[in-house]
S.K.: 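The following block contains the structure, expressed as structure tokens.
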Amino acid sequence: MGSRGATVVLSRANRIRTKLQSALEATVLEVDDVSHQHAGHAAVRGSSDKETHFNVKIVSSKFEGQNLVKRHRLVYDLLADELQSGLHALSIVAKTPNETSSSK
């Protein structure tokens with residue numbers, strides 16, 4: 001039996017991971033759902049969406065030559081539809097491979 005017509009609903013974390021990996025070809029990509037830490041906040045109280053707050057760490061050569069603001073804008077642009085559909089907060093660490101190797 002095939003899976004024709006089957007609908008797979010990805011979690012927001014998986015959608016974020018897929019979008020960022022596809023566009024940025026990350027060598028390191030960590031997506032942590034920290035929504036449980038913010039469950040009582042006014043902005044999400046009463047919302048049925050349980051995936052609202054994420055920490056993202058990305059290491060990508062696509063960030064070469066870009067300042068921190070441009071890197072964050074790039075990530076926000078890639079996740080614009082998530083931000084419009086319930087993603088409330090995003091903490092971003094965006095580095096180049098050189099920046100991670102020099103900090104060791």
Side-chain angles (χ1 to χ4, degrees):
M1 300 220 139
S3 61
R4 196 168 5 135
T7 302
V8 176
V9 178
L10 294 176
S11 69
R12 187 181 309 274
N14 284 334
R15 291 192 310 266
I16 290 171
R17 191 174 288 108
T18 299
K19 290 172 185 178
L20 294 177
Q21 184 62 46
S22 175
L24 298 174
E25 301 169 1
T27 55
V28 174
L29 178 57
E30 297 173 11
V31 178
D32 297 317
D33 184 350
V34 294
S35 302
H36 65 281
Q37 297 173 356
H38 305 276
H41 290 189
V44 294
R45 194 177 303 132
S47 171
S48 62
D49 196 343
K50 303 297 182 209
E51 296 178 288
T52 57
H53 292 68
F54 287 86
N55 293 339
V56 176
K57 178 181 178 182
I58 312 159
V59 177
S60 172
S61 60
K62 302 265 183 165
F63 294 140
E64 294 286 349
Q66 294 186 358
N67 65 30
L68 188 60
V69 172
K70 287 183 180 179
R71 295 175 189 189
H72 283 221
R73 278 192 191 137
L74 176 57
V75 173
Y76 281 118
D77 288 347
L78 291 169
L79 300 178
D81 55 336
E82 297 295 338
L83 288 159
Q84 293 172 355
S85 66
L87 176 57
H88 176 71
L90 189 62
S91 171
I92 303 168
V93 174
K95 296 186 176 191
T96 67
N98 288 339
E99 290 170 337
T100 58
S101 64
S102 66
S103 65
K104 290 183 180 180

S.K.: Say you draw a straight line from CD of Q21 to OG of S60; how long is it, rounded to the nearest 0.5 Å?
M.R.: 8.5 Å
S.K.: Please name the pair of heavy atoms, one in T27 and one in P97, separated by the smallest distance, quoted to 0.1 Å.
M.R.: OG1-CG, 4.5 Å
S.K.: Could you state the interatomic distance from CG (L78) to OG1 (T18), rounded to the nearest 0.5 Å?
M.R.: 12.5 Å
S.K.: I need the minimum non-hydrogen distance between F54 and L87, along with the two atoms involved.
M.R.: CD1-CD1, 3.4 Å
S.K.: What residues form a salt bridge (Lys or Arg N to Asp or Glu O under 4.0 Å) with K70, not counting sequence neighbours?
M.R.: none
S.K.: Side chains of L24 and L74: closer than 4.5 Å at any heavy-atom pair?
M.R.: yes
S.K.: Identify, with sequence neighbours excluded, every residue that meets salt bridge (Lys or Arg N to Asp or Glu O under 4.0 Å) alongside R71.
M.R.: E99
S.K.: Using a strict threshold of under 4.0 Å (side-chain N to carboxylate O), is an ion pair present between D81 and K19?
M.R.: yes
S.K.: When hydrophobic residues are tied together by side-chain contacts of less than 4.5 Å, even through go-betweens, does V31 share a cluster with V93?
M.R.: no
S.K.: May I ask you to check whether N98 and T96 show a side-chain donor-acceptor distance below 3.5 Å?
M.R.: no
S.K.: If you round to the nearest 0.5 Å, how far is CZ of R73 from CG of L68?
M.R.: 11.0 Å
S.K.: Counting distance only, does the side-chain N/O of R17 pair as donor-acceptor with the main-chain N or O of L29 below 3.5 Å?
M.R.: no
S.K.: Give me the atom names and distance for the closest heavy-atom approach of V75 to F63.
M.R.: CG2-CZ, 4.2 Å
S.K.: Quick one, L79 and L20 - any side-chain contact, counting heavy atoms below 4.5 Å?
M.R.: yes
S.K.: Are I92 and V28 linked, directly or through intermediate hydrophobic residues, by side-chain heavy-atom contacts shorter than 4.5 Å (ILVMFWY only)?
M.R.: no
S.K.: How far apart are the closest heavy atoms of V69 and N67, and which atoms are they?
M.R.: N-OD1, 3.1 Å
S.K.: Compare every heavy atom of I58 with every heavy atom of A26, then report the nearest pair and how far apart it is.
M.R.: CB-CG2, 4.0 Å
S.K.: Taking all non-hydrogen atoms of both residues into account, name the closest pair between H53 and S35 and its distance.
M.R.: N-OG, 3.0 Å
